[in-house]
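Here's the structure we're looking at; comments come further down.
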2 protein chains.
Amino acid sequence: MVARYERIADELRDEILSGAHPVGSQLPSEAELAGRFSAARGTVRQAVAVLATEGLVGSRQGARRIVLGRTRSQSFAELHSFAQWARANGYRYGGRVIAQRRRPASGSEPARLGSGEVLEVLRLRSLEDEPVLLERTVYAGWVAAAVEGLPADCESVTEALYESVGLVFAYGEHLIDAVPAGAQDARLLGVRRGSPLLRQRRVTTTHEGRPVESSDDRYRAGSVAFSIRNSIGANPLVREPGDLRFER
Amino acid sequence: MVARYERIADELRDEILSGAHPVGSQLPSEAELAGRFSAARGTVRQAVAVLATEGLVGSRQGARRIVLGRTRSQSFAELHSFAQWARANGYRYGGRVIAQRRRPASGSEPARLGSGEVLEVLRLRSLEDEPVLLERTVYAGWVAAAVEGLPADCESVTEALYESVGLVFAYGEHLIDAVPAGAQDARLLGVRRGSPLLRQRRVTTTHEGRPVESSDDRYRAGSVAFSIRNSIGANPLVREPGDLRFER
DNA sequence: GAGTGGTCTAGACCACGAA
DNA sequence: TCGTGGTCTAGACCACTCT
């Protein structure tokens, strides 16, 4: 069952992407759209709210909505899953497990993932046949067995875990910064030691807030950038002081 | 005039931050909250939607909302304005203009900022008395005069332009990646050439979609990280292929 | 089956922008 | 002043979770 407002949003989005509503132009008023779709005004508002969070349109009280752009921000899944992002954008991609072992949780891990044993996995992923991403992932003990059951060249861990044990990665917290490549990073990604890498650290939980994994992902510089569209009134991202803030 | 749902959101947020609703616990149902605040259910839903976009609570159909965390994602202003971010987080900060000149728009600038003359400004900003950020900003011709009127050590350009000419930075598009420090970067930020910098490129527009500025901001590694909280159903961020993708 | 959040309606009033 | 989006109400039905 697709919601009414989703179908209205889809139709309006198509019109924007096709150029029927050019960038900079005004969208029809809520009343007009409600008439056109034979829907209540509230439903139309839900639809245009979707477009606003995608960064396609902006609004201010008293003036008509304006078309801001024609590129759409996309899903949580794409931020979380390399495979889903690559596939959605039509890239060739691959990946393989380099190393994998169980060990006791240490340091801050018990607080993040629960105490007891964890599963540590080192994965190298490629885009267009170039190695671009090195993932160091630590899985909580309760999913370790399911992860160990996956093939070494598993394309999408997220999807495989959903299909095998019904696990849903629902919430994520991400920290993005830049770090110099270490010896292992340099060897596996094919760059010089100390060269820049884009790092994404994340902790993911289930719907219930139960921690699933904690990961340190490093992208070769120039391979990938993160994109954000935002506006006054929408709050997707903040800066945070980094780990090394007062070191020299 | 503060909206009803904003006040309800504030009250619930305080309760979460104070620990009255611990992380992992369930929030009261919408019906209970509606009764407690003597508001319609729709108003309560607006309030908890605010908390959801802040990453504080998560929800699924059929189950009560769950408290996910106690740190709040914040505003567009903080992503856009270094000064506003630093002040909101209680850091000492400063900044000064290193160089500034007018020149004709070139390359892709006419498409982004409009043709004609633009104003190029190089600013160095510091946090806790350490230089951490080098901004290379290009302003559209129509704001150049206002920017030139600002003092060289202006703390917040965003706020100064609002107060002097009523200019509001309303929408932004941001690309975040890692780059090696160039000669000028290295000298001004006090790092070695080729060392990692976190780069944020952005284009900002007014409410009407009129471009204001385009900027290339580079942070010293370890000084700042970007943080995102997200969930299935919320769409703040995507990866994008970088400029150098097929270079070796 | 009871409870909960998700969707949708129909109508009202208000704050703001533009002419 | 008038049209627009922002807020709020009161009620309905549905999809889903939990037990």
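If you're wondering where the values come from, they're calculated on a predicted model, not measured in any experiment. Proteins get letters first, then strands, A, B, ... in listed order; numbering begins at 1 in each.
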Value in whole Å for how far the C1' atom of D/dC8 lies from CD1 of B/I8: 10 Å
NZ/NE/NH1/NH2 to OD/OE distance under 4.0 Å, B/E6 and B/R13: no
Under-4.0 Å side-chain N/O to phosphate OP1/OP2 contact, B/R64 with C/dT4: yes
Presence of A/T43 side-chain N/O under 4.0 Å of C/dT9 phosphate oxygens OP1/OP2: yes
A/D177 bridged to A/R199 by N-O distance under 4.0 Å: yes
Proximity to the side chain of A/Y5 - top-ranked nucleotide from C/dG5, D/dG6, C/dT7: C/dT7
B/R87 and B/Y93: side chain donor to acceptor below 3.5 Å: yes
Ring geometry between A/W85 and A/Y91 (parallel below 30°, tilted from 30 to 60°, perpendicular above 60°): tilted
Touch class at under 4.0 angstrom, heavy-atom based, for A/R65 against every strand present: sugar-phosphate
Atom-pair distance (NE2 on B/H207; P on C/dC16), nearest Å: 13 Å
Spacing of A/L27 atom CG relative to C/dG17 atom P, expressed in whole Å: 19 Å
Protein proximity profile, nucleotides 10-19 of chain D - base contact B, sugar-phosphate-only contact S, no contact -, cut-off 4.0 Å on heavy atoms: --B--BBBS-
Euclidean distance, atom CG of residue B/L51 to atom P of C/dG5 [Å, nearest integer]: 13 Å
d(CZ, B/R7; C1', D/dT7) in whole Å: 12 Å
Sidechain N-carboxylate O distance under 4.0 Å for A/E213, A/R123: no
Position toward the 5' end of DNA chain C (nearest nucleotide), B/E32 or A/A3: B/E32
Atom of A/S106, atom of A/P110 and distance for their closest heavy-atom approach: O-CD, 3.6 Å
Under 3.5 Å donor-acceptor, B/R125 side chain and B/E155 backbone: yes
Between C/dT9 (P) and A/R4 (CZ): distance, integer Å: 6 Å
Distance, rounded to the nearest Å, where B/R45 contributes CZ and D/dT7 contributes C1': 16 Å
For atom CD of A/Q46 and atom P of D/dG5, their distance in whole Å: 16 Å
Options C/dG5, D/dG5, C/dC8, nucleotide nearest the side-chain atoms of B/S59: C/dG5
